[in-house]
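Notes to accompany the following structure.
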Number of protein chains: 2
Amino acid sequence: MQGINATGMEQLSTVAEVSKRTLYTHFPSKDGLVEAYLQSLKDDLLPVLPSPAQPTPSPREQLLAVFDWKLPETTAPFRGCPFLNVSVEVPDPGHSAHQLAAAYKREFARRLTDIARQAGVADPENLGEQLALLFDGAAARGTALNSSDTGVCARSIAESLVDAALTDVGPASP
Amino acid sequence: MQGINATGMEQLSTVAEVSKRTLYTHFPSKDGLVEAYLQSLKDDLLPVLPSPAQPTPSPREQLLAVFDWKLPETTAPFRGCPFLNVSVEVPDPGHSAHQLAAAYKREFARRLTDIARQAGVADPENLGEQLALLFDGAAARGTALNSSDTGVCARSIAESLVDAALTDVGPASP
DNA sequence: GCCTATGTAAAACGATCGGTATCCTTAAGG
DNA sequence: CCTTAAGGATACCGATCGTTTTACATAGGC
């Protein structure tokens, strides 16, 4: 990726192997296409809430999993979180793409909060927000430094926060 | 601010009350102007290292001060850290503006590391990197959510990290 | 008074981009 | 075979942007 503003419709139609005309029959405008793209990303990237009928890992693993990034083995520079990037590339808070990014970030924290709450953490909102902030820090710093190593730094902090919150509950909660 | 890409030279010359021609006699290009702007920001925003001949606050205060943001009382939306924004708006890792932002971010962490080292922290590099990551998280998340409240969340995490690192040293170190 | 230098205002240029229209090929259905 | 609908390639349009150039104003040195 190279940023939204630097990506033209011409280029998109080329790599999609679709004419620009067909592109504009499927999407009303570039803004609409960006929104659809972000919506699809949303479903792919949001942390999955624990489902009752699944081999669920421990809450600790669930909360820390967001810091284990599986990178595509490309030569492209590391670009962090697409939603953070959108909120920078589209500064207008009233723009739909910016609002969509904000909604994603809120939902992201909410899911972490839900996992924490189900695990019996005392202040799940606080832990969820803290972990989300750590994630965003790792993503943003990774973008600036062109490195994904920031994830392990964030994870180490997250481990101490999660462990502290979970030991307050007691290792064997009802 | 509204982002680098969205700010034209026309607008700059207008608010600077200077003709576009004079602008181009002082700066070789828009890239050059952006570089100069970032350089000036660098000197203003980097955490100040403790100087021997100053009424120095405690190391704890110094390390946590970066999370106390003094906001101009404008109606403009909160835009986080300009250097993080640049690294997103100029995705090319080879571009001078991108590299300047990366250099700032490294220097930022290095200064925190220096303060931690002078305070006798066991692993100052780790603490400096952790605090820098927290700062970037607060800035990035603040940009996405259009709020500066993320600073207090980051500061609370930072307090626990700093306090843990300083109590390992012992409250009364030699 | 005149020359030069410097700056302003504004036009103009080339490039790029989002978006639309035009022309052509292709393939299915009768 | 003919019609028709859909899509591909591409030219085009208007706008914007970075940059340069042109024309004009102003002020100091001789």
Side-chain angles (χ1 to χ4, degrees), chain A residues 1-42 76-77 79-80 82-104 143, chain B residues 1-42 76-77 79-80 82-104 143:
Chain A
M1 250 272 254
Q2 67 213 36
I4 290 181
N5 295 328
T7 305
M9 300 294 279
E10 200 85 35
Q11 179 186 155
L12 285 177
S13 74
T14 302
V15 310
E17 287 176 329
V18 160
S19 83
K20 214 159 42 152
R21 173 177 178 171
T22 329
L23 213 61
Y24 274 95
T25 66
H26 287 312
F27 303 98
S29 66
K30 187 181 183 181
D31 279 0
L33 191 150
V34 168
E35 284 180 42
Y37 167 67
L38 294 179
Q39 281 288 358
S40 75
L41 266 189
K42 198 171 173 178
R79 284 230 79 209
F83 294 92
L84 287 182
N85 297 345
V86 162
S87 68
V88 173
E89 282 210 83
V90 185
D92 177 15
H95 195 288
S96 57
H98 192 102
Q99 292 181 348
L100 212 153
Y104 173 88
T143 302
Chain B
M1 252 271 252
Q2 66 214 33
I4 291 180
N5 295 327
T7 304
M9 300 294 280
E10 197 86 38
Q11 181 186 151
L12 286 177
S13 74
T14 302
V15 311
E17 286 175 330
V18 159
S19 85
K20 236 180 346 175
R21 172 175 177 168
T22 335
L23 214 58
Y24 274 95
T25 65
H26 287 312
F27 303 98
S29 66
K30 187 182 183 181
D31 280 358
L33 192 150
V34 168
E35 284 179 43
Y37 167 67
L38 293 180
Q39 282 288 359
S40 75
L41 266 188
K42 197 171 173 177
R79 285 230 80 211
F83 294 91
L84 288 182
N85 298 345
V86 163
S87 67
V88 172
E89 282 211 84
V90 185
D92 177 14
H95 194 288
S96 57
H98 192 103
Q99 292 181 348
L100 213 153
Y104 173 88
T143 302

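Every heavy atom of this structure was used, including side-chain atoms; hydrogens, water molecules and symmetry mates were not. Residue numbers begin at 1 in each chain, while the letters A, B, ... track the order of the sequences.
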Item to check | Partners passing side-chain contact (heavy atoms from CB on, under 4.5 Å) against B/S19 (at least two apart in sequence or in another chain) | outcome: B/R21, B/T22
Next on the checklist: Has A/N85 got a side-chain atom pairing as donor or acceptor with A/R79's backbone, closer than 3.5 angstrom?
Outcome noted: yes
Next on the checklist: Using only atom types and a distance under 3.5 Å, with no angle test, would you say the side chain of B/K42 pairs donor to acceptor with the backbone of B/L100?
Outcome noted: no
Mind listing the N/O atom pairs, protein and nucleotides 13-19 of chain C, below 3.5 Å?
from: C/dG18; atom 1: OP1; to: A/K30; atom 2: NZ; distance (Å): 2.3
from: C/dG18; atom 1: OP2; to: A/M9; atom 2: N; distance (Å): 3.0
from: C/dG19; atom 1: OP2; to: A/Y24; atom 2: OH; distance (Å): 2.9
from: C/dG19; atom 1: OP2; to: A/K30; atom 2: N; distance (Å): 2.8
from: C/dG19; atom 1: O5'; to: A/Y24; atom 2: OH; distance (Å): 3.4
from: C/dG19; atom 1: N7; to: A/K20; atom 2: NZ; distance (Å): 3.4
from: C/dG19; atom 1: O6; to: A/K20; atom 2: NZ; distance (Å): 2.5

Next on the checklist: Return the CZ to NE2 distance between B/F83 and B/H98, rounded to the nearest 0.5 Å.
Outcome noted: 13.0 Å
Item to check | Separation of atom CG in B/L33 from atom C1' in D/dT19, rounded to whole Å | outcome: 13 Å
Item to check | Spacing between B/R21 atom CZ and D/dA23 atom C1', to the nearest angstrom | outcome: 10 Å
Checklist entry - Heavy-atom distance under 4.5 Å between the side chains of A/Q2 and B/D92, does that happen here? => result no
Checklist entry - In whole Å, what is the span from the CG atom of B/L23 to the C1' atom of D/dC17? => result 14 Å
